[in-house]
Amino acid sequence: MASHCIHIPPPISSTAVSAATTVLNKLSVCKTLNHIKQLHAQILHHRLNSFLCNLSFSSSSINLTYALSLFSSIPSPPKPTFFNPFLRNLSHSSEPKATILFYKKIRHVGGRLDRYSFPPILKAASKVSAFFEGMEIHGVAVKIATVSDPFVETALVDMYGSCGRINCARKVFDEMSQRDVVTWNTMIERYCRCELVDEAFKLFEEMKSSNVMPDAMILCNIVSACNRTGNMSYNRAIYDFLKGNDVRMDTHLVTALVTLYAGAGCTDIAREFYMKMSVRDLFVSTAMVSGLSKAGRLDDARVIFDQTGNKDLVCWTTMIKAYAESDHPQEGLRVFEELCRSGIKPDDVTMESVISACANLSTMDRAKWVHLYTRSNGFESDLLVNNALINMYAKCGDLDRARDVFEKMPMRDVVSWSTMINAFSMHGEASDALITFARMKEENMEPNEVTFVGVLYGCSHSGLVEEGKKIFASMTNEYSLTPKLEHYGCMVDLFGRANRLREALEIIESMPMAPNVVIWGSLMSACRVHGELELGEVAAKHILELEPNHDGALVLMSNIYAREQRWDDVRNIRRVMEEKNVFKEKGLSRIDLNGKSHEFLIGDKRHKQSDEIYAKLEEVVSKLNLAGYVPHSGSVLVDVEEEEKKDLVLWHSEKLALCFGLMNEEEEEEKGLCDVIRIVKNLRVCEDCHVFFKLVSKVYEREIIVRDRTRFHRYKDGLCSCRDYW
DNA sequence: ATAGGGTTAG
């Protein structure tokens with residue numbers, strides 16, 4: 001409205017002009033100076049009034065200065081009816097703080113405020129969280145005796161709540177003589193905003209008892225608070241309430257409900273609410289897509305997505321993210337291509353999901369492609385994008401590129417640091433992880449819970465027990481963070497891997513929360529590695545109590561027995577697994593060559609170069625035998641003949657992938673493409689393959705990077721980056 | 001003749 005450089009007074013309304021004309025006509029009959037002064041005051045009043053009326057939405061600082069000077073020039077301060085609408089407009093403007101300035105000016109010139117003045121002033125104080133000014137205004141309101149007004153009191157509740165003084169808010173609320181739906185909502189909303197969902201729900205119940213009917217907005221506040229905090233304890237009650245009462249729903253409430261129930265896995269209830277909307281709102285549809293994806297119903301989500309017309313960027317990104325985070329990164333990239341064709345420009349959140357898809361795909365070709373894309377589309381300094389790139393390169397096994405992105409970032413946040421630390425940890429570079437952690441401290445970047453997971457993970461995977469213990473203790477001592485389940489998990493892992501099983505068990509026993517399947521799994525895995533059969537069984541039994549069909553527990557139990565050659569027990573477990581239809585996930589290894597992926601299962605003969613691959617395997621084995629390699633059959637679970645076992649071990653999928661990689665090395669070398677051999681495996685690398693890969697890296701002078709289920713192994717000159725500790 | 005809640009999807 002107003003120019004930034006030259007101030008043009010706003011147009012005077014026609015009523016104000018005629019009023020001013022009337023006043024001016026009176027000028028000729030003025031006899032005394034006092035008469036003229038009075039007249040002047042009236043003119044100013046009219047000028048101010050028309051000015052304030054026209055100022056509706058404009059509140060530039062120049063206008064405010066002008067309004068304030070007009071105010072000062074009026075001998076007798078104007079009545080509240082003059083400035084109350086202006087206060088309201090100011091409080092709704094982008095400069096709510098100006099309302100308080102204006103309020104101070106009114107007080108300064110001795111202007112009278114009434115009960116209509118306070119709600120806007122308090123709203124402004126609420127918006128800028130001005131606690132001390134809010135208290136002062138409260139005091140003035142008491143003096144002017146307007147506090148028993150429900151409008152003023154509701155505004156006070158809102159103001160105190162917004163300033164984080166929830167108890168002050170509650171005090172005003174409790175002392176109110178009458179409360180309507182807006183009052184209840186204000187208090188409930190304030191509880192929700194500070195994540196006190198239990199308090200909010202208590203009030204919701206109280207409200208019903210006092211015969212005030214909750215409306216859609218109140219429910220929406222509670223439901224979205226449940227969504228934000230992950231509090232599922234009211235899901236049932238909310239559903240029952242909506243079934244038993246006729247609440248007029250709007251798209252806001254339905255969106256929140258769909259998010260709540262689909263996110264909790266109750267997709268039928270989510271669909272029920274979704275179907276209630278006759279008009280398909282983009283928010284509701286997107287919530288449905290997101291919720292179904294989170295509940296693992298990706299195909300259902302896709303159906304909704306395809307049915308949604310006029311999709312916006314958020315909707316597209318939701319679908320891409322869903323695929324990226326599940327096992328379908330390829331499909332995510334296809335949706336991204338479709339998005340690009342639709343002419344909508346992706347933003348940083350979209351790119352974050354696309355990069356995450358590439359990370360899960362783990363092919364360097366794709367990784368380089370998406371990096372190039374972000375660079376040529378103006379994302380080179382973007383925080384979100386760069387953080388995602390660090391993670392992607394780390395997951396693709398290229399720690400150097402991950403580090404390069406990190407070092408070149410113009411700004412880093414706690415996520416950048418945590419991601420980089422975690423990248424080092426994944427690659428077994430615990431010393432780099434610790435150096436980075438120390439550097440973070442030097443640069444005054446405050447670590448969070450996620451940072452500590454990364455650091456502790458690094459310690460546990462490199463056997464730095466004492467260091468890990470110190471860092472774990474520093475969480476509470478130095479950083480006043482409360483260790484969560486994941487941190488205890490890292491500690492169990494740390495002690496377990498280091499064969500300090502008693503201490504691992506002590507951690508579990510001292511945890512303030514119930515250990516979950518992952519914690520027991522970590523202990524059990526350590527027991528298997530260190531041959532602690534008895535404790536392993538204890539851990540496995542705990543797991544099977546929590547998840548009777550837990551394949552990992554059954555497999556690890558059979559592993560424990562296999563190691564002890566207790567084949568009867570192995571067969572028993574196998575039988576249970578077959579009965580319950582639980583099967584161990586099959587080992588699958590992938591290698592990329594010239595932009596094509598090649599996958600191998602154990603003993604796989606499906607590849608068209610299969611014969612060459614097995615011939616290469618024989619050649620490699622004979623060369624390794626000269627270097628002292630003896631197949632280690634302990635990694636085989638079932639009771640088979642010794643000779644057969646050796647074959648099974650030799651046919652592990654990663655060995656086939658490796659031979660395929662070696663076979664094609666000459667061809668690649670000619671083209672100058674000779675790079676490290678990169679293999680991605682879905683399970684952990686077995687002991688035999690680990691020795692095998694180390695020797696190949698030496699005998700064939702090749703660097704090999706294997707990503708397994710939990711970490712990276714970088715084989716070079718006969719050694720592995722994990723230092724045989726994994 | 002002026003006043004109080006304003007949320008929902010990546």
Side-chain angles (χ1 to χ4, degrees), chain A residues 49 52-53 78-89 91-92 113-123 126-127 141 146 149-159 161-162 172 176 178-190 192-193 214-225 227-228 249-260 262-263 273-274 277 281-294 301 304-305 308 311-325 332 335 339 346-354 356 384:
Chain A
N49 189 20
L52 293 179
C53 287
K79 286 178 187 141
T81 44
F82 270 144
F83 53 72
N84 282 347
F86 180 59
L87 285 172
R88 182 180 180 276
N89 289 336
S91 73
H92 285 304
L113 296 151
D114 65 4
R115 62 199 167 101
Y116 293 99
S117 318
F118 287 101
I121 299 166
L122 288 166
K123 178 86 243 168
S126 160
K127 275 191 178 171
T146 59
D149 184 288
F151 286 77
V152 179
E153 289 168 321
T154 304
L156 282 168
V157 170
D158 183 57
M159 182 275 293
S162 151
V172 176
M176 286 177 73
Q178 46 189 1
R179 305 184 193 102
D180 63 9
V181 75
V182 178
T183 319
W184 284 101
N185 180 51
T186 304
M187 194 65 233
I188 288 174
E189 194 209 329
R190 282 301 159 196
C192 288
R193 288 257 185 111
D215 63 7
M217 196 195 272
I218 292 188
L219 283 159
C220 188
N221 274 322
I222 293 175
V223 172
S224 38
N227 282 331
R228 275 198 308 276
M249 295 216 206
D250 58 6
T251 55
H252 295 276
L253 177 57
V254 176
T255 305
L257 287 169
V258 164
T259 307
L260 182 71
F273 288 121
Y274 175 69
M277 298 304 295
D281 179 87
L282 193 52
F283 276 65
V284 181
S285 296
T286 306
M288 200 65 197
V289 171
S290 166
L292 286 170
S293 309
K294 277 182 196 144
I304 304 281
F305 178 77
T308 306
K311 294 188 267 278
D312 67 359
L313 186 57
V314 177
C315 189
W316 282 99
T317 307
T318 306
M319 196 69 246
I320 295 170
K321 199 181 168 78
Y323 282 126
E325 286 169 358
V335 176
L339 163 70
D347 69 0
D348 52 344
V349 187
T350 316
M351 289 321 296
E352 190 189 27
S353 294
V354 175
S356 141
L384 220 54

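These numbers come from the heavy atoms of this one structure, side chains and all, not from hydrogens, waters or symmetry mates. Each chain gets a letter, A, B and so on, in the order the sequences are listed, and its residues count up from 1.
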Quiz item: To the side chain of A:Phe151, which of B:dA3, B:dG10, B:dG5 is closest?
Solution: B:dA3

Quiz prompt | Minimum-distance nucleotide to A:Asp250 side chain [options: B:dT7, B:dA9, B:dG5] | solution = B:dT7

Quiz item: Given B:dA9, B:dG10, B:dG5, which nucleotide is nearest the side-chain atoms of A:Thr318?
Solution: B:dG10

Quiz item: Is the shortest side-chain N/O distance from A:Ser224 to OP1 or OP2 of B:dT8 below 4.0 Å?
Solution: yes

Exercise. State whether A:Lys294 places a side-chain N or O below 4.0 Å from either non-bridging phosphate oxygen (OP1 or OP2) of B:dA9.
Key: no

Self-check item: Touch class at under 4.0 angstrom, heavy-atom based, for A:Val181 against every strand present
Solution: base

Quiz item: Can you tell which of B:dT8, B:dA3, B:dG10 lies closest to the side chain of A:Tyr116?
Solution: B:dA3

Quiz item: Which of the following nucleotides, B:dG10, B:dG4, B:dT7, is nearest to the side chain of A:Asn221?
Solution: B:dT7

Quiz prompt | Of the listed nucleotides B:dG10, B:dA9, B:dA3, the one nearest the side chain of A:Thr317 | solution = B:dG10

Practice problem: Mind checking ring pair (Phe, Tyr, Trp, His ring centres under 6.0 Å) for A:Tyr274 and listing every partner two or more places apart, or none if nothing turns up? | Solution: none

Practice problem: Could you tell me whether A:Asp312 contacts a base, only the sugar-phosphate backbone, or nothing, with contacts defined as non-hydrogen atoms closer than 4.0 Å? | Solution: base

Quiz item: Would you find a donor on one side and an acceptor on the other, under 3.5 Å apart, between the side chain of A:Asn84 and the backbone of A:Leu87?
Solution: no

Quiz item: Does A:His252 put a side-chain nitrogen or oxygen below 4.0 Å from OP1 or OP2 of B:dG5?
Solution: no

Quiz item: Of all the choices, B:dG10, B:dG5, B:dT2, which nucleotide is nearest to the side chain of A:Ile218 once you look at every atom?
Solution: B:dG5

Practice problem: For A:Thr186, enumerate each residue passing the side-chain hydrogen bond (donor to acceptor under 3.5 Å, both in side chains) test, keeping only those at least two apart in sequence or located in another chain. | Solution: none

Quiz item: Between B:dG10, B:dG5, B:dA3, which one does the side chain of A:Asn185 approach most closely?
Solution: B:dG5

Quiz item: Can you check the A:Lys127 NZ to B:dT7 P distance for me, whole Å?
Solution: 10 Å

Quiz item: For the side chain of A:Val182, counting heavy atoms from C-beta on, which of B:dG5, B:dA9, B:dT7 is nearest?
Solution: B:dG5

Quiz item: Taking only side-chain nitrogens and oxygens of A:Lys123, does any of them come within less than 4.0 Å of OP1 or OP2 of B:dG5?
Solution: yes

Quiz item: Does the side chain of A:Arg115 get closer than 4.0 angstrom to OP1 or OP2 of B:dG4 through an N or O atom?
Solution: no

